[in-house]
Amino acid sequence: MLDVLGNLERTHTCGELRETHVGQQVVLMGWVAKKRDFGVLTFIDLRDREGVTQVVLSEEDKGEAHAKAKGLRGEFVIAVKGEVVEREGTHNAKLATGGIEVHASEILILNDAKVPPFQLEVAGSENLADESTRLKYRYLDLRRPQLQHNIRMRAKAVAAIREYFDKRDFIEIETPILLKSTPEGARDFIVPSRIHSGKFFALPQSPQILKQLTMISGFDKYYQIARCFRDEDLRADRQPEFTQLDMEMSFPNRETIYREIQGMFNHVLRLIDVELPAEWPRLTHAEAMRRYGSDKPDLRFEMELQDLSDNLRDTDFAPFADTLSGGGEIKCIVAKGKADYSRKQTDDLQEYVKRYGAGALAWIKVGDETTSSLLKVLGEKKIAELVSASAAEAGDIVLIVAGRKSVVAASLGALRNEIARRENLIDRTKYACLIVTEFPMFEHDEESDTYVAAHHPFTSPMDEDLELFKTAVNDPSQHHLLGQVRAKAYDAVINGYECAGGSIRIHQKDIQALNFKALGLSSEMARERFGFFLDALEYGTPPHGGFAAGIERTCMILCGTENIRDVMAFPKTASAQDLMMDSPGEVDTSQLNELSIKIAN
RNA sequence: GGAGUCGUAGUUCAGUUGGUUAGAACGCCAGCCUGUCACGUUGGAGGUCGCGGGUUCGAGUCCCGUCGGCUCCGCCA
């Protein structure tokens with residue numbers, strides 16, 4: 001039989017009591033984490049979000065309460081009235097409350113509980129139940145102290161962000177969730193309109209245009225903790241709905257924005273007692289790609305990419321010669337002390353880089369006797385030259401990829417991270433931040449042979465590249481120059497994660513028109529899609545720019561996890577389903593009828 | 001859309017070359033136990049080996065398909 005709570009109030013949490021409370025009468029409420037029954041003596045570990053307190057019941061002392069405790073099981077919800085007693089000779093150093101225990105005089109069973117489908121408390125996080133089971137019972141998984149900590153850290157991070165921007169006179173402005181679909185960028189989640197049959201809203205991929213409009217409206221400094229939606233496939237750090245810190249300012253230059261990026265992240269990282277440099281290191285996009293093969297390099301370790309192209313120009317080894325004559329390059333990384341990699345291991349790494357389009361992975365193992373997969377085709381002398389060019393030392397392995405520049409960067413950049421992970425080269429106490437600047441304005445799309453916006457179509461070109469930009473757009477024969485135009489676009493990177501990105505926007509309608517033309521959008525099409533925005537640009541738009549930071553990725557860094565599901569209360573699976581709610585689900589035919597929607601198959 | 005990997009008791013896993021009745025630990029149930037905190041101890045219950053098909057005298061094991069979890073490529077202005 002369950003008890004009623006009545007007027008009882010708890011006096012303390014389960015993480016609160018210390019030796020200083022000894023002698024006090026207290027009331028605790030929480031979940032039974034563990035029961036240890038000794039017949040006439042019973043111990044209960046009582047858990048709430050703040051911690052665990054040991055409760056003791058003895059038959060000798062309070063027979064009624066002790067008898068009631070017999071019926072307790074894991075996850076029952078109880079209230080305990082009792083006295084705080086110092087533990088004599090049985091302190092438990094593993095518990096914050098381990099110096100005391102509560103001798104119960106009365107127990108109320110507030111609710112019972114079924115046996116959980118998996119064990120909440122297991123020694124070591126390695127033996128956790130299968131994630132699909134835990135996702136189905138997410139509310140139980142969330143009871144685990146680790147997830148409790150992560151979700152609370154997220155709340156603290158969001159609070160710190162608000163604190164930062166409020167103090168600096170930014171205005172928090174909410175923008176609509178029901179917007180209009182624009183075909184660029186990610187796939188939209190669309191929402192049918194009942195009132196306007198056959199028409200649809202779209203959920204925001206980000207509040208981009210709206211935040212720019214707040215600048216045109218004269219708010220000067222805007223921010224928002226904004227939910228965003230992108231109907232794309234998931235990754236360990238990507239969910240279809242996620243949260244961004246979105247900010248925008250009027251009259252900034254790039255340094256103005258960098259100051260806010262640095263200031264905000266530095267403020268947030270102090271939550272975990274990490275002090276990032278006031279001025280973050282900078283790398284241009286081109287340099288990041290050249291040295292690390294990535295636009296979000298992890299700078300917690302070295303192992304930079306090195307170019308061997310010049311050393312191999314004279315080779316007649318066809319894969320290399322063809323690569324170089326075709327405008328490709330040959331680069332390497334040096335894994336220190338890994339000359340003992342076995343054939344299996346190098347084969348394994350080759351399979352790894354092939355995912356990124358690399359044809360093969362060549363290697364040189366440097367030692368008393370230097371060996372190489374290229375020895376037969378290049379000869380000892382050339383191998384020695386490559387070793388010296390890569391500055392590899394005895395005991396090192398040189399790993400070489402040849403191919404198109406984009407493939408070499410992608411494969412060696414990924415290999416660099418993979419080796420660091422396998423060989424534990426990453427110092428987990430280190431936090432390496434940087435700002436990557438001067439992103440290219442356009443990316444070439446191989447399939448359609450067109451140029452698409454690398455960031456988004458409102459990004460301003462760099463002043464230095466403005467003439468180049470105009471030439472490339474207006475002279476069809478010079479269209480390929482678009483690939484060389486740099487934008488006032490930047491990313492903030494921490495520990496290899498793209499935590500924020502932004503740009504200075506276009507505020508003049510002529511340049512905006514030019515950009516739409518570059519992207520292959522006729523003025524009619526541009527007007528149809530963004531007419532309201534083009535109109536707005538004509539009424540005195542201030543220069544403006546900003547950035548958006550991924551709340552989840554930032555929290556992943558704060559919590560030291562590599563999985564976005566660890567920092568979201570109710571995440572979805574890799575196939576974008578919610579196993580707890582079983583969503584997405586079907587809807588009633590009457591609902592569809594009301595929306596004039598028919599399912600095609 | 002593609003690739004890899006995993007799927008055996010409530011949970012985590014083992015399961016030999018295809019061969020008797022599919023095991024262990026934890027959890028669960030019942031008993032004993034006055035200082036445990038991974039309590040101990042005695043006994044017990046618990047299995048559509050993800051699902052479907054095939055090969056075979058015989059399939060958890062081999063083959064084909066399929067579903068689901070995770071990771072990656074494509075995708076993510």
Side-chain angles (χ1 to χ4, degrees), chain A residues 33-46 52-61 66 73-74 85 87-95 97-98 101 103 114-137 182-188 205-206 208-209 228-240 242 348 351-358 410-411 414 417-418 439 441-443 445-447 451-459 487 489 498 501 503 515 519 521 529 548 550 562-563 565 572-575 577 579:
Chain A
K34 198 88 185 178
K35 185 178 77 166
R36 291 177 294 280
D37 185 352
F38 288 79
V40 293
L41 184 72
T42 301
F43 298 95
I44 290 164
D45 289 343
L46 190 65
V52 171
T53 300
Q54 174 162 282
V55 176
V56 188
L57 298 114
S58 98
E59 188 172 62
E60 200 173 279
D61 211 22
H66 176 262
R73 298 288 180 273
V85 176
R87 296 212 206 175
E88 286 170 26
T90 57
H91 283 218
N92 185 347
K94 290 179 197 161
L95 288 182
T97 60
E101 60 195 10
H103 286 207
K114 284 169 71 174
V115 175
F118 59 92
Q119 284 165 256
L120 302 182
E121 318 267 338
V122 266
S125 55
E126 304 305 312
N127 291 339
L128 285 177
D130 186 74
E131 191 162 8
S132 57
T133 310
R134 288 185 287 124
L135 284 171
K136 182 173 176 188
Y137 301 95
T182 55
E184 286 80 17
R187 294 184 186 91
D188 285 317
Q205 298 175 23
S206 86
Q208 184 59 37
I209 291 182
C228 304
F229 307 86
R230 295 177 190 175
D231 189 5
E232 296 293 346
D233 288 351
L234 294 84
R235 285 287 188 279
D237 63 348
R238 258 169 37 192
Q239 286 262 318
F242 61 99
D348 215 33
E351 284 310 306
Y352 187 81
V353 295
K354 278 183 174 174
R355 281 191 254 172
Y356 299 86
S411 51
N417 285 334
E418 178 65 10
F439 269 67
M441 184 99 170
F442 304 97
E443 277 165 7
D445 181 57
E446 314 250 331
E447 272 177 41
Y451 285 88
V452 296
H455 186 50
H456 58 58
F458 315 107
T459 304
E498 179 195 326
S503 63
N515 200 24
L519 295 169
L521 229 65
R529 287 179 200 174
E562 292 182 350
N563 200 301
R565 294 184 297 279
K572 293 180 175 55
T573 67
S575 60
Q577 283 180 294
L579 296 181

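Below, chain A is the first sequence line, B the second, and so on; all start at residue 1.
Residues satisfying the salt bridge (Lys or Arg N to Asp or Glu O under 4.0 Å) test with A:Asp37, not counting sequence neighbours, are A:Lys70. With sequence neighbours excluded, the residues forming a side chain to side chain contact (heavy atoms under 4.5 Å, CB included) with A:Glu351 are A:Lys354, listed by chain and number. Partners of A:Asp188 according to the side chain to side chain contact (heavy atoms under 4.5 Å, CB included) rule, which considers only residues two or more places apart in sequence or in another chain, are A:Ser181, A:Ile190, A:Ala202, A:Gln205. A:Asp348 pairs by the salt bridge (Lys or Arg N to Asp or Glu O under 4.0 Å) definition with A:Arg422, not counting sequence neighbours. The side chain to side chain contact (heavy atoms under 4.5 Å, CB included) check on A:Asp45 picks up A:Ala33, A:Lys34, A:Arg36, A:Val52, A:Gln54, with sequence neighbours excluded. For A:Arg230, there are no salt bridge (Lys or Arg N to Asp or Glu O under 4.0 Å) partners at least two apart in sequence or on another chain. Here A:Ser132 pairs with A:Asp130 under the side-chain hydrogen bond (donor to acceptor under 3.5 Å, both in side chains) rule; sequence neighbours left out.
Among the heavy atoms of the strands lying under 4.0 Å from A:Gln54 is at least one base atom, whether or not backbone atoms are also near. Nucleic acid contact class of A:Ser206 (heavy atoms, under 4.0 Å, all strands): base. Contact annotation for A:Gln577: backbone-only contact, meaning every heavy-atom pair under 4.0 Å involves sugar-phosphate atoms and none involves a base. Residue A:Arg565 is classed as a sugar-phosphate contact, given heavy-atom separations below 4.0 Å to backbone atoms only.
Taking the 5.5 Å centre cut-off and the 30° plane limit, the aromatic side chain of A:Phe43 is classed as stacked on B:U36.
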Got a list of protein N/O to nucleotides 27-29 of chain B N/O distances below 3.5 Å?
residue, atom, partner, partner atom, Å
B:C29, OP1, A:Arg73, NE, 2.7

Pairwise N/O distances under 3.5 Å, protein to nucleotides 4-6 of chain B:
none

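In this model, the phosphate group of B:C76 is not approached by any side-chain N or O of A:Gln239 to a distance below 4.0 Å at OP1 or OP2.
Between B:C72 and B:G31, the two P atoms lie 50 Å apart (nearest whole Å). For the P atoms, the distance linking B:U71 with B:U61 amounts to 28 Å, nearest Å.
A salt bridge is defined here as a Lys NZ or Arg NE, NH1 or NH2 lying under 4.0 Å from an Asp or Glu carboxylate O, and A:Arg238 with A:Glu232 fails to meet this definition.
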